[in-house]
Amino acid sequence: MFNKILIANRGEIALRIIRTCKEMGVPTVAVYSTADKDSLHVRFADEAVCIGSHSPTDSYLNVPAIIAAAEITNVDAIHPGYGFLAENANFSKICEEHDIKFIGPSAEMINGMGDKANAKATMKKVGVPTIPGSDGLLKDMKEGKALADKIGYPVILKATAGGGGKGMREIWKAEDFEKAWDLATNEAQSSFGNGAMYLEKFIEEPKHVEIQIIGDQYGKAAHLSERDCSIQRRHQKLLEETPSPIMTDDLRKKMGNAAIKAAKAIGYEGVGTVEFLVDKKKNFYFMEMNTRIQVEHPITEEVINYDLIKEQIKVAAGEKISGKSYFPKMHAMECRINAEDPYNNFQPSPGKITSLHLPGGHGIRIDTHVYQGYVIPPFYDSMIAKVIAVAQTREETILTMRRALEEFVIEGVKTTIPFHLKLLQDKNFLKGKYTTKFMETFEM
Ligand code: MV4
């Protein structure tokens, strides 16, 4: 096991990692920006090092400062959490060059999956279902248009360097192709410095269902069932649940096995997520692979009784996994509580939390770094808490979640709590009938 772990992150995920490290008897080092000097991750870690100003590029993305903090404190591993440097191949490589274990995959693996057309080609080669479309990258607009005419509209252009919806354009008719091509390539070029595109048939009103996986350093891999993440707004997830309302035992086995095949094909090490789109006929297609621990990991932990961070650290330290997969015994849901105003286009609402009462009781887990008097800085993402409800059935989970959200008192900032309470009353949501288009028509 590691002697000491540095956590290159902030907020609730830094706390989440510190808590597991404590249980494992592994000392921790927090790094923090000047804006985070009063944060709980700084207080809960055994040591803390200030690495720069409030600006992420100066602190949580500042590789030389983080490596310097790691060397000074003599850690032998770095946990990147999610966001920031978690999927930065260069950072993974620099850690390796400094003999510090990056708790996550190698630079090659991150690059291989970070290039979306390459990831798709890798999956197609080993027999994981992919969406019909171009064979790799498109040479030019003309090639794309000819292919779109052949496979039929609607189609979607995707930036190979993309993800999170940037550099992506739906195209519904041939005459719109050229304009969409220009918009997508320009956006990808300016966002990622890479305008390369691939093309797919557009799947209408899909579900976003992802499979959690874990792989060890010896070629073993297992799946840990699915999460339904279809409730998103502008590619930001708001609520996730497991099992997915559309899941069947048969579909879970098929998707789970596809995800294991994906992991084994690339010799995946660590925890990861294989994202799929599921169409109306329950055909599923590989979309992307995330090579990090994700925000919504707790719902999986709750339904299979498994500490994903602990297992992630263990495989990074070279421990073996049994290779058996896990199937849900419970139902769980996560509501992301963001400091945003749901009545005003989800505008960020940073500032001081003047009053706070967190819910609790049976079936409720709260992952948060905030406390009464805490000032939410405007420089980072607006998620301030995750309310996770777990119960035997979906119906009971919804009742527990509603009860918890009603108990939640927070003053001084606006939050997404009223949105969640409304969502949990929506007729279609209650029936489990929702796709990635759900939020486009949802009215507060
Ligand atoms: C798609 C799609 C429909 N058809 N691909 C969105 C982000 C990126 N990871 C892929 N995305 C999509 N790819 C085909 N061929 C629809 C989306 C999509 C989406 C996917 C998952 C969750 C929310 C979404 C919202 C809009 C579009």
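None of the values given here were measured: they were computed from a predicted structure. Order of listing sets the numbers, starting from 1, for every ligand and every atom in it.
If you check each of E205, K166, E288 against atom 9 (N) of ligand 1, the one with the closest non-hydrogen atom is E288.
Protein heavy atom nearest atom 10 (C) of ligand 1, with residue, atom name and distance: M287 SD, 3.4 Å. Nearest protein neighbour of atom 20 (C) of ligand 1, counting heavy atoms only, is L277 CD2, 3.8 Å. Annotation: atom 26 (C) of ligand 1 to nearest protein heavy atom, H235 CE1, 3.6 Å.
Taking the six-membered ring where the residue is Trp, W181 and F177 present parallel rings, their angle staying beneath 30° rather than reaching 60°.
Look at M168 and you'll find a heavy atom under 4.0 Å from some atom of ligand 1. Residue K158 places a heavy atom less than 4.0 Å from ligand 1.
The closest side-chain donor-acceptor pair between E275 and N290 falls under 3.5 angstrom. Counting only N and O atoms by type, the side chains of D36 and Y60 include a donor and acceptor under 3.5 Å apart.
You'll find the ring centres of H223 and F327 inside the 6.0 Å limit.
Neither the backbone nor the side chain of E204 has any atom closer than 4.0 Å to an atom of ligand 1 (non-hydrogen atoms only). With a heavy-atom cut-off of 4.0 Å, I203 touches ligand 1 through backbone and side chain alike.
Applying salt bridge (Lys or Arg N to Asp or Glu O under 4.0 Å) to E301 and the options R227, K386, R16, K329 leaves one that passes, R16.
For K173 and D176, the salt-bridge test passes: some basic side-chain N is under 4.0 Å from an acidic carboxylate O. With respect to the salt-bridge test (charged N to carboxylate O, under 4.0 angstrom), the residues E407 and R403 qualify.
Applying the 4.0 Å criterion to heavy atoms of E200 picks out, from ligand 1, the atoms 5 (N), 14 (C), 15 (N). Less than 4.0 angstrom separates some heavy atom of I156 from each of these atoms of ligand 1: 1 (C), 5 (N), 14 (C), 15 (N).
Below 3.5 Å of separation, one finds an N or O of K201 facing an N or O of ligand 1.
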